[in-house]
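The structure appears right after this line, and notes come after that.
Proteins get letters first, then strands, A, B, ... in listed order; numbering begins at 1 in each.
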There are 2 protein chains.
Amino acid sequence: MEQVAELLKKIAPEIVREVENRYTILQNIYFYQPIGRRALAGIISWSERPLRSEIKKLEEQGLVEIEQKGMKVSVEGEDTINRLEDFIFYLRGLSPVARNIEEKFGCRHVIIVPGDSDKDETIKKQLGREAARNLLSFLKNGDIVAVTGGTTMAQVPHSMPPASGFNEVVVVPGRGGLGERVELQSNSIAAELAQKLGAQYRLLYVPDNLGSEAMESIVNEPGIKEVIATIRQASILLHGIGGAEEMARRRGMAEQQIEEILKKGAVAEAFGYYFNSEGSIVHATTSVGLSVMDLKNIRTVIAIAGGASKAPAIQAFLRYHRPTVLITDEGAARRLLYIEGGKRNDEQKDS
Amino acid sequence: MEQVAELLKKIAPEIVREVENRYTILQNIYFYQPIGRRALAGIISWSERPLRSEIKKLEEQGLVEIEQKGMKVSVEGEDTINRLEDFIFYLRGLSPVARNIEEKFGCRHVIIVPGDSDKDETIKKQLGREAARNLLSFLKNGDIVAVTGGTTMAQVPHSMPPASGFNEVVVVPGRGGLGERVELQSNSIAAELAQKLGAQYRLLYVPDNLGSEAMESIVNEPGIKEVIATIRQASILLHGIGGAEEMARRRGMAEQQIEEILKKGAVAEAFGYYFNSEGSIVHATTSVGLSVMDLKNIRTVIAIAGGASKAPAIQAFLRYHRPTVLITDEGAARRLLYIEGGKRNDEQKDS
DNA sequence: ATCATGCGGGTCAAATTTAGGCCCATGATT
DNA sequence: AATCATGGGCCTAAATTTGACCCGCATGAT
């Protein structure tokens with residue numbers, strides 16, 4: 001497949017753009033369906049007329065269905081999206097990018113989704129889908145799965161196909177809830193995921209940043225204690241890598257303190273710990289549940305993060321710990337290599 | 001690769017034409033190089049201006065080099081042609097066509113080159129190249145290779161890469177020379193091929209259609225006798241399938257007799273025998289060298305024929321004998337299935 | 001039930017791209 | 001020395017694409 005992609009780039013480079021365009025259109029219709037022409041044009045920043053022409057072709061191919069209430073992707077189109085994703089991976093030359101990251105960070109497996117979450121909302125769904133796929137491939141009955149929160153992680157259960165045979169699996173949040181929107185909290189995600197998997201779940205409602213006395217008393221509650229014990233035994237971790245500032249703000253950290261830890265060079269956060277770009281811990285907050293120290297005891301760690309802006313956080317996290325799988329997107333991957341090597345700079349602006 | 005082709009046809013069907021066009025252009029430049037714009041436009045029946053635009057793109061991709069004396073294909077372009085051929089095979093859906101022929105005629109291996117020899121001279125070169133490849137893959141030292149004549153067969157030695165280690169191989173013509181242009185005679189082809197392979201060769205200069213007394217006396221000449229004995233021991237046969245009328249005419253058969261055998265339904269000829277479309281012998285001429293009766297004793301038979309017009313001859317031959325490999329082109333293959341099954345009619349006119 | 005919104009589709013002129021056709025200087029071949 | 005085919009330039013016409021509308025109509029909210 002990679003060779004075919006290279007061949008096409010040589011013989012007809014224009015079609016590469018064409019195929020990518022149609023992929024983006026199809027993907028966005030799928031994400032927002034049913035959606036109208038004008039709305040879609042706004043989302044992907046096209047003008048209406050050309051978009052219309054492209055969609056007409058897609059409709060003629062039976063990939064898109066047009067109704068009064070809007071356009072949607074046909075079942076054939078859905079299948080085409082999936083197959084296209086793999087192909088575009090090679091078309092954009094992401095294969096060498098993935099290998100590069102694997103080498104530089106000693107990662108076993110790097111998965112890159114074409115696109116950039118910062119620019120295209122639908123990419124997060126792709127990341128979630130990849131995460132779901134990977135989780136399924138690693139999951140065995142009896143496993144304890146810990147998940148973290150965030151917008152990307154929230155996509156994972158949505159993309160998880162209903163499964164069965166995982167009655168003995170337990171899904172837990174990695175830590176206590178954050179003060180964020182409920183649907184992005186690890187608790188919600190854990191519950192949703194467990195439901196999709198037909199698995200059990202335990203939730204942990206403990207606010208972060210408690211005083212040590214209050215923390216101690218809550219942690220010693222029998223129910224809470226049991227959940228925490230379960231979390232500590234997690235064998236699979238689905239971890240959404242978070243940026244330092246973003247996470248600090250989400251947790252309601254004082255503006256002054258945020259400034260302080262940023263001055264210390266914090267770029268990434270994980271389980272209440274803040275890391276600088278070297279992967280060293282520069283700040284720690286009180287927290288219950290998993291700790292970064294537990295990472296090395298977890299059999300399978302699936303790290304997820306997308307968007308060029310997340311690259312520094314990814315870099316920091318990878319330097320601290322080598323996950324089993326890194327799932328990211330093109331924007332983050334290219335930026336990551338850029339800030340890491342400085343050498344292989346092949347960023348591309350428009351997509 | 002086949003799946004990628006199907007995918008591309010779905011998402012961007014226009015690219016099929018585009019890729020095929022550029023392939024044809026590249027192939028024809030390669031065949032006639034160095035050649036000018038206008039001449040090339042005449043050959044492939046394009047108007048000059050669009051051809052110019054396409055070639056400009058090919059040049060920008062570094063596939064074509066333009067000099068004062070004409071255009072030629074770069075080394076990279078040459079490589080691209082080869083890789084494109086395989087890809088276009090799937091792009092045109094020739095994979096199922098080949099399988100179909102294999103099934104219907106019980107052929108072990110069918111190779112189809114995209115294009116139609118009737119319309120495009122360069123296709124014969126492709127056929128020759130495939131024949132050369134196949135011959136090499138079957139050839140072992142000690143083999144006796146018999147070849148027949150014709151325009152397609154004449155391309156085989158030209159496309160044969162210089163080889164060595166075949167000192168013990170002997171190349172012979174399948175039969176005595178025909179009264180045709182010397183470079184298309186089996187004798188010439190056998191000699192050229194032997195030279196390319198670094199092999200030995202024996203030639204046989206005996207006119208066809210001799211009276212029986214004359215024939216007998218010539219055949220008993222010691223030198224001739226030895227060559228004929230060698231031919232009879234051939235282990236590999238490269239056979240260009242011939243149409244009945246064409247071959248009869250090439251041999252200088254009387255116009256009246258030609259009409260007669262055609263009335264008997266003759267559509268194909270091989271080694272002096274004429275077959276109807278059922279594969280039955282309807283006429284036989286005196287001839288020295290191989291006979292159709294010897295076919296079954298030959299280990300490897302590579303049959304070659306291209307062009308939609310050859311389809312009836314191919315059909316007749318395949319019904320008489322199942323060659324090890326059939327090498328043909330798209331035009332012949334599709335027509336063959338059309339006249340055979342009547343069902344799977346997916347002919348296409350323009351290419 | 002009514003209304004407003006967003007939908008697909010139609011239309012038409014402007015802008016851009018592509019095609020046609022010709023000439024020209026040049027370098028190779030005869 | 002002369003002829004020929006070559007690539008490149010150029011300009012006009014044609015075709016296509018783009019931009020900017022408007023319209024009737026379902027649908028969902030009021």
Side-chain angles (χ1 to χ4, degrees), chain A residues 11-74 76-77 121-122 350-351, chain B residues 11-74 76-77 121-122 350-351:
Chain A
I11 191 70
E14 334 110 34
I15 82 107
V16 174
R17 283 210 105 74
E18 197 70 10
V19 170
E20 288 182 349
N21 283 341
R22 295 193 189 171
Y23 170 69
T24 318
I25 293 172
L26 218 48
Q27 188 180 338
N28 275 279
I29 292 179
Y30 182 63
F31 189 82
Y32 293 104
Q33 64 183 317
I35 190 176
R37 255 192 288 125
R38 283 172 279 268
L40 185 60
I43 291 171
I44 62 175
S45 306
W46 276 37
S47 54
E48 188 188 336
R49 204 60 187 71
L51 177 61
R52 211 165 142 182
S53 311
E54 287 298 297
I55 287 177
K56 191 183 171 190
K57 291 171 198 159
L58 290 176
E59 191 205 3
E60 282 167 358
Q61 290 300 311
L63 302 174
V64 164
E65 287 164 1
I66 299 181
E67 297 172 13
Q68 188 59 258
K69 72 161 115 173
M71 307 172 291
K72 60 180 186 178
V73 176
S74 71
E76 195 179 2
E121 272 299 313
T122 71
D350 41 0
S351 73
Chain B
I11 191 69
E14 332 110 37
I15 81 108
V16 176
R17 283 210 103 74
E18 197 69 10
V19 171
E20 287 182 349
N21 283 341
R22 297 193 189 172
Y23 170 69
T24 320
I25 293 172
L26 218 47
Q27 189 179 338
N28 276 278
I29 293 179
Y30 182 63
F31 190 82
Y32 294 104
Q33 64 184 321
I35 190 177
R37 255 192 288 125
R38 283 171 280 267
L40 185 59
I43 291 171
I44 62 176
S45 305
W46 276 38
S47 53
E48 188 187 334
R49 204 59 187 73
L51 177 63
R52 212 164 141 181
S53 311
E54 287 298 296
I55 286 178
K56 191 183 172 190
K57 291 170 198 159
L58 289 176
E59 192 205 2
E60 281 167 359
Q61 290 301 311
L63 301 174
V64 164
E65 287 163 2
I66 300 181
E67 297 171 14
Q68 189 59 259
K69 71 160 115 174
M71 307 171 291
K72 60 180 187 179
V73 176
S74 71
E76 195 179 2
E121 273 298 314
T122 71
D350 41 0
S351 72

| What's the NZ-P distance between B:Lys72 and D:dG7, to the nearest Å? | 13 Å
| said: Checking A:Pro34 now: which residues fulfil side-chain contact (heavy atoms from CB on, under 4.5 Å) with it, not counting sequence neighbours? | reply: A:Lys69
| Contacts of type side-chain contact (heavy atoms from CB on, under 4.5 Å), residue A:Ile35, not counting sequence neighbours | A:Tyr32, A:Ala39, A:Leu40, A:Ile43, A:Met71
| query | In Å, rounded to the nearest 0.5 Å, how long is the span from CD1 of B:Ile29 to OG1 of B:Thr122? | reply | 11.5 Å
| request: Check side-chain contact (heavy atoms from CB on, under 4.5 Å) between B:Ser74 and all other residues, then give those that pass, not counting sequence neighbours. | output: B:Glu65, B:Glu76
| Length of the line joining A:Gln33:CD and C:dC7:P, which is rounded to integer Å | 14 Å
| query | Atom CG of B:Leu51 and atom C1' of D:dT6: how far apart are they, to the nearest Å? | reply | 14 Å
| Residues that A:Lys72 engages under side chain to side chain donor-acceptor pair (under 3.5 Å), provided they are two or more places apart | none
| note | Atom CE of A:Met71 and atom P of C:dC7 are separated, to the nearest Å, by 8 Å
| said: In whole Å, I'd like the distance from the NZ atom of B:Lys56 to the P atom of D:dG8. | reply: 10 Å
| Salt-bridge criterion met for A:Glu54 and A:Lys57 (N-O under 4.0 Å) | yes
| Heavy-atom protein contacts under 4.0 Å, nucleotides 15-30 of chain C, coded B base, S sugar-phosphate only, - none | ----BBB-B--BS---
| said: Within the structure provided, determine whether B:Val64 and B:Ile25 are in side-chain contact (heavy-atom separation under 4.5 Å). | reply: no
| Degree of bending in the helix from C:dA1-D:dT30 to C:dT30-D:dA1 once both end axes are built from five pairs, to 10° | 30°
| task | Grab the OH-C1' distance between A:Tyr32 and C:dG6 for me, whole Å please. | result | 17 Å
| Do the charged groups of A:Glu59 and A:Lys56 touch, with an N to O distance under 4.0 Å? | no
| In whole angstrom, what separates A:Trp46's CH2 from D:dA20's C1'? | 18 Å
| request: Would you mind reading off the distance between B:Glu65 atom CD and D:dT6 atom P, rounded to a whole angstrom? | output: 18 Å
